[in-house]
Amino acid sequence: MTDRTPNEAGDGDGIRTFPFPVDLSVCGVGIQVGPMGTERMWHDDAPLERVHRIDFHVVMLFTEGPVRHMIDFAEYEARAGDLLWIRPGQVHRFSRTCEYRGSVLTMQPGFLPRATVEATGLYRYDLPPLLRPDAPQLAALRASLANLQREYEDTETLPLSLHTSVLRHSLTAFLLRLAHLAASSAEAARRQADTTFTLFRDAVEKDFAANHSVNAYADALGYSRRTLVRAVRAATGETPKGFIDKRVVLEAKRLLAHTDLPIGRVGAAVGFPDAANFSKFFHLHTGQTPVAFRAELR
């Protein structure tokens, strides 16, 4: 077995963490930028098609697609013109590396000063890794990345100290654009989630007495079940099924408390034609039978 640094040996969970490959970087500076492909990767023995971690930033700008890439156990499909931003410590896995086409930027933590790190949101793990710029944003990002690559490869016209300084400034310009895109994408996703949840909430309020099916609500609203789950969880912290059940229980409690309807009719009013099934449902969610709940209030 070959010797490895502690950082490469894994974190006790079987997932190896690979450091930034300074030795493969031009002049040993803290970034790399160049074309994607099997001939240009960041570590000779990194298991790219197996789950692993890296302790540096990776930004991939795709010119072809689709390409599927796993980040923190979620699958993302990147198309031409999309970007993937992978942050230090995130678990990820490549699909077949021969499918990757475009440009890749890698950056060592500590290469940029703290003020720039904060301004560019380098450690905003709440921001989405998959970014889809519009045409003007994409053109600006491509131009900025191309300029960064030219500066990275130009090792002749400046001494190393100035070369590194110019790289930091060029990298900052690119990352500021990227950070703006990431923040805008997150805000757009939040607004979309809010809209999705609002439509779901209104649909449940209208139909909960007859419809307890998450799939039925998703189909009626034109969303996938996964989209609905994400939106409801973001808005409430619970699942769509949990949200529906909570509304059914609330209505059942209202009827039990404020009417003299028989238990069977209360159940039927909230979508349970069978009184026994209603009692089981109510007990599961409240810890009481409908009869006990009513008696406690009277």
### Summary
Nearest heavy-atom approach of Tyr100 to Ser95 is OH-N, 3.1 Å
### Query
Quick one: side-chain contact (heavy atoms from CB on, under 4.5 Å) partners of Asn215, sequence neighbours excluded?
Ser213, Arg225
### Message
Which residues pass the ring-ring contact (aromatic ring centres under 6.0 Å, His included) test with Tyr125, not counting sequence neighbours?
### Response
none
### Task
With rounding to the nearest 0.5 Å, note down the distance linking CD1 in Ile31 to CD in Gln149.
10.0 Å
### Message
Rounded to the nearest 0.5 Å, what separates atom CG in Leu83 from atom CZ in Arg132?
### Response
11.0 Å
### Message
Just to verify, what does Arg142 make a salt bridge (Lys or Arg N to Asp or Glu O under 4.0 Å) with, not counting sequence neighbours?
### Response
none
### Query
Any side-chain heavy atom of His92 sitting closer than 4.5 Å to one from His52?
yes
#### Entry: Minimum heavy-atom distance between Pro128 and Ala182, given as atom pair plus value
CD-O, 3.9 Å
### Task
Taking the side chain as every heavy atom from C-beta outward, state whether Leu61 and Leu138 have any pair of such atoms under 4.5 Å apart.
yes
### Message
Restricting to non-hydrogen atoms, name the atom on His163 and the atom on Thr155 that form the minimum distance, rounded to 0.1 Å.
### Response
NE2-CG2, 4.3 Å
#### Entry: Gap separating the CZ atom of Arg68 from the CD atom of Glu77, nearest 0.5 angstrom
5.5 Å
### Message
Do Val229 and Tyr76 land in one hydrophobic cluster if side-chain heavy atoms of ILVMFWY residues count as linked below 4.5 Å?
### Response
no
### Task
Check the hydrophobic clustering (I, L, V, M, F, W, Y; side-chain heavy atoms under 4.5 Å; chains of links allowed) and say if Leu176 and Tyr152 are grouped together.
no
### Message
Is the shortest side-chain heavy-atom distance between Glu99 and Phe94 below 4.5 Å?
### Response
no
### Query
Hey, are the side chains of Asp55 and Pro19 touching, using non-hydrogen atoms and a 4.5 Å cut-off?
yes
### All pairs passing side chain to side chain donor-acceptor pair (under 3.5 Å) where residues 165-180 contributes a residue, at least two apart
none
### Summary
Apart from Leu127 itself, members of its ILVMFWY cluster (side-chain separation under 4.5 Å) are none
### Message
Quick one, Thr289 with Phe282, criterion side-chain contact (heavy atoms from CB on, under 4.5 Å). Give me CA distance, side-chain angles, the key distance, then yes/no.
### Response
CA-CA 6 Å; Thr289 66; Phe282 190 88; 5.9 Å; no
Can you give each donor-acceptor pair under 3.5 Å made by side-chain atoms of residues 240-252, sequence neighbours left out, with the distance rounded to 0.1 Å?
| residue | atom | partner | partner atom | Å |
| --- | --- | --- | --- | --- |
| Lys241 | NZ | His212 | O | 3.3 |
| Lys241 | NZ | Asp245 | OD1 | 3.3 |
| Lys246 | NZ | Glu238 | OE1 | 3.3 |
| Arg247 | NE | Glu205 | OE1 | 2.8 |
| Arg247 | NH1 | Glu251 | OE1 | 3.1 |
| Arg247 | NH2 | Glu205 | OE2 | 2.9 |
| Arg247 | NH2 | Glu251 | OE1 | 3.3 |
| Glu251 | OE1 | Arg254 | NH1 | 3.4 |

### Task
Apply side-chain contact (heavy atoms from CB on, under 4.5 Å) to Arg53 and Gln90, showing your working.
CA-CA 6 Å; Arg53 288 190 183 99; Gln90 289 188 305; over 6 Å; no
### Query
Would you call the rings of Trp85 and His57 parallel, tilted or perpendicular, where under 30° means parallel and over 60° means perpendicular?
tilted
### Message
According to side-chain contact (heavy atoms from CB on, under 4.5 Å), who are the partners of Asp23, at least two apart in sequence or on a separate chain?
### Response
Pro21
### Ala80 versus Thr63, closest heavy-atom pair with distance
CB-O, 3.5 Å
### Message
Run the salt bridge (Lys or Arg N to Asp or Glu O under 4.0 Å) test against Glu64 and tell me which residues pass, sequence neighbours left out.
### Response
none
### Task
Any chance you could lay out the side-chain contact (heavy atoms from CB on, under 4.5 Å) test for Val232 and Phe200, step after step, and finish with the verdict?
CA-CA 8 Å; Val232 176; Phe200 171 72; 3.5 Å; yes
## Note on the structure
The remaining residues in the hydrophobic cluster of Leu162, counting side-chain heavy-atom contacts under 4.5 Å among Ile, Leu, Val, Met, Phe, Trp and Tyr, are Leu158, Val166
#### Entry: Side-chain heavy-atom pair Glu156, Asp154 within 4.5 angstrom cut-off
yes
### Query
Got a sec, which residues hit salt bridge (Lys or Arg N to Asp or Glu O under 4.0 Å) with Lys280, two or more places apart in sequence or on another chain?
none
#### Entry: Spacing of Leu221 atom CG and Leu199 atom CG [to the nearest 0.5 Å]
6.0 Å
### Task
Nearest 0.5 Å please: distance from the CZ atom of Phe111 over to the CG atom of Leu171.
6.5 Å
### Message
Has Ser144 got a side-chain atom pairing as donor or acceptor with Ala140's backbone, closer than 3.5 angstrom?
### Response
no
### Query
Once the angle between the rings of Phe56 and Phe20 is folded into 0 to 90°, is it parallel (under 30°), tilted (30 to 60°) or perpendicular (over 60°)?
perpendicular
### Closest approach of Val104 to Met60 (non-hydrogen atoms, all atoms of both residues)
CG2-CG, 3.8 Å
### Task
Could you please spell out the steps behind the side-chain contact (heavy atoms from CB on, under 4.5 Å) verdict for Ser103 and Val33?
CA-CA 7 Å; Ser103 297; Val33 58; 5.5 Å; no
Can you give the donor-acceptor pairs under 3.5 Å from side chains of residues 262-278 to other protein atoms, not counting sequence neighbours?
| residue | atom | partner | partner atom | Å |
| --- | --- | --- | --- | --- |
| Asp274 | OD2 | Ala276 | N | 3.1 |
| Asp274 | OD2 | Asn277 | N | 2.9 |

### Query
How would you list, by chain and number, every residue that makes a salt bridge (Lys or Arg N to Asp or Glu O under 4.0 Å) with Arg79, sequence neighbours excluded?
none
### Message
Would you say that His69 contacts Ile86 through its side chain, given a criterion of any heavy-atom pair below 4.5 Å between the two side chains?
### Response
yes
### Message
Let me confirm one number: the CG-CE distance from Leu175 to Met107, rounded to the nearest 0.5 Å.
### Response
6.0 Å
